[in-house]
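For clarity, every value in this text was computed on a predicted model and none was experimentally measured. Reckoned from all heavy atoms, side chains included, excluding hydrogens, waters and symmetry mates.
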Amino acid sequence: MRLFRLALVAVPILLLIAPTTTAAHAAAPVTAAACQQQSFLEGDHYSAVQIAQEAKNAGFTGQDWTISVAVALAESAGWTRARLINTDCSVDRGLWQINSYWHGEVSDSCAFSPSCAANATHTIWAARGWPEWVTYTNGAYQAHMAEAQAAVNQVGGGGGTPPPAGGTWQPGTAYTAGQQVSYGGRNYRCLQSHTSLPGWEPPNAPALWSPV
């Protein structure tokens, strides 16, 4: 979930790994966290509509409602008990892959419960914003925005698409890297070629657009 993780995390018992006999590992401290990265897709497989309902119940509205669904799809593919064991031995958990180290206040039982995880996600987002999720900062969530928007519309809101803000940017338009548009009173430069979709407005798609 988090973009940045500490290289060393104190985890009792599991992390007392004996150094190997190779020179490359001989100098490594025996208390260093060292886990093999593994991913598990487990639990119930939620659809985008089911995720959208949980996110709505948790209090998400407007564009952030759509983003919350897209982030969940990018993080867990909709599996309620999805787990990613990281190399620092922390675990990303549940639909929104809430990290066990950075958000230890969220128990495993909560992270693996769709409704509780949605509420925890809303709390984290309200305090720190979407950059807490790596799939937001690297732009991976954008591939799921169209599906997320359709789910939000079906649940009953259609609130994910903001009203026209003026400018030259338009959805359903092919843009090439280096091209400039205006949106909401600001100018933006395209970072990578793509065809725009609702929800990919320049302020909401930092992987695609940069202010100029």
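- Atom CD in E201 sits 10.0 Å away from atom CD in Q170 (nearest 0.5 Å).
- A donor-acceptor pair under 3.5 Å links the side-chain atoms of S182 to the main chain of T168, judged by distance alone.
- Taken to the nearest 0.5 Å, the CD atom of Q142 stands 9.0 Å off from the CG atom of N204.
- Looking at Q97 and S76, their side chains never bring a donor and an acceptor atom within 3.5 Å of each other.
- Heavy atoms only, all atoms of each residue included: I51 and G78 are closest at CD1-CA, 4.0 Å.
- Within the model, atoms OG1 of T80 and CG of D44 stand 4.5 Å from one another, a figure rounded to the nearest 0.5 Å.
- Put simply, the side chain of Y175 reaches to within 4.5 Å of the side chain of W209, judged on heavy atoms.
- A donor-acceptor pair under 3.5 Å links the side-chain atoms of S100 to the main chain of V91, judged by distance alone.
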_Run the side chain to side chain contact (heavy atoms under 4.5 Å, CB included) test on T66 and F60 for me, step by step, so that the C-alpha distance in whole Å, both residues' side-chain angles and the decisive distance to 0.1 Å come before the verdict._
CA-CA 8 Å; T66 305; F60 282 107; over 6 Å; no
*Hey, mind stepping through Q180 and V212 against side chain to side chain contact (heavy atoms under 4.5 Å, CB included) and telling me if it holds?*
CA-CA 9 Å; Q180 292 194 25; V212 295; 3.8 Å; yes
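- Closest approach of V106 to A111, counting heavy atoms only: CG1-N, 3.9 Å.
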*side chain to side chain contact (heavy atoms under 4.5 Å, CB included) between C35 and T87: does it pass, once the steps are laid out?*
CA-CA 5 Å; C35 287; T87 55; 5.8 Å; no
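- When every heavy atom of Y101 is checked against every heavy atom of S90, the shortest pair comes out as CB-CB, 3.8 Å.
- In this structure the side chain of D92 reaches within 4.5 angstrom of the side chain of N86, judged on heavy atoms.
- Crowding of Q36 atom CD: a count of heavy atoms from other residues, nucleotides or ligands under 6.0 Å not exceeding 12.
- Under a 3.5 Å cut-off, the side chain of N99 and the backbone N or O of H103 do not form any donor-acceptor pair.
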Show which side-chain atoms of residues 187-195 pair as donor or acceptor with protein atoms under 3.5 Å away, not counting sequence neighbours.
residue, atom, partner, partner atom, Å
Q192, NE2, A207, O, 3.0
S193, OG, A177, N, 3.1
H194, ND1, Q192, O, 2.9

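- Using a distance-only test at 3.5 Å, with no hydrogens or angles considered, no donor-acceptor pair links the side chain of S113 to the main chain of C110.
- In terms of heavy atoms, W65 sits closest to A55 at CD1-CB, 3.8 Å.
- Counting heavy atoms from C-beta outward, P202 and V181 have side chains that approach closer than 4.5 Å.
- Considering CD of Q149 and CD1 of I67, their distance stands at 10.5 Å, rounded to 0.5 Å.
- A donor-acceptor pair under 3.5 Å links the side-chain atoms of N138 to the main chain of A140, judged by distance alone.
- Within the 4.5 Å cutoff, the side chain of V69 has no heavy atoms near those of the E147 side chain.
- Of the possible polar contacts, one joining the T123 side chain to the N119 backbone as a donor-acceptor pair under 3.5 Å is found.
- Of all the heavy atoms in Y141 and A70, the pair that sits closest is O-CB, 3.5 Å.
- In this structure, W133 contributes its side chain and V71 its backbone to no donor-acceptor pair below 3.5 Å.
- In this pair, W125 and W130 present their aromatic rings tilted. The plane angle is within the 30 to 60° band.
- For the pair P114 and L95, the minimum side-chain heavy-atom distance is below 4.5 Å.
- Here I98 contributes atom CD1 and E132 contributes atom CD; the two are 11.0 Å apart, rounded to the nearest 0.5 Å.
- Distance NE2/H45 to CZ/R81: 15.5 Å, rounded to 0.5 Å.
- Checking side-chain atoms of T135 against main-chain N and O of A74 turns up no donor-acceptor pair under 3.5 Å.
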*asked:* Before you tell me yes or no, could you show the steps for E42 and W79 under side chain to side chain contact (heavy atoms under 4.5 Å, CB included), namely the whole-Å CA-CA distance, both residues' side-chain angles and the distance that decides it to 0.1 Å?
replied: CA-CA 6 Å; E42 301 170 332; W79 289 95; 5.7 Å; no
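- With respect to the salt-bridge test (charged N to carboxylate O, under 4.0 angstrom), the residues R93 and D108 qualify.
- Pairing each heavy atom of P206 with each of Y136, the nearest pair is CD-OH, 4.4 Å.
- Q154 has its side chain within reach of V49: a pair of non-hydrogen atoms, C-beta onward, lies under 4.5 Å apart.
- Remark: the backbone N or O of Q50 is paired with a side-chain donor or acceptor of S47 at under 3.5 angstrom.
- Here the side chains of F40 and L84 are not in contact, with every heavy-atom distance at 4.5 Å or above.
- The hydrophobic clustering, which links ILVMFWY residues whose side-chain heavy atoms are closer than 4.5 Å, places W96 and Y46 together.
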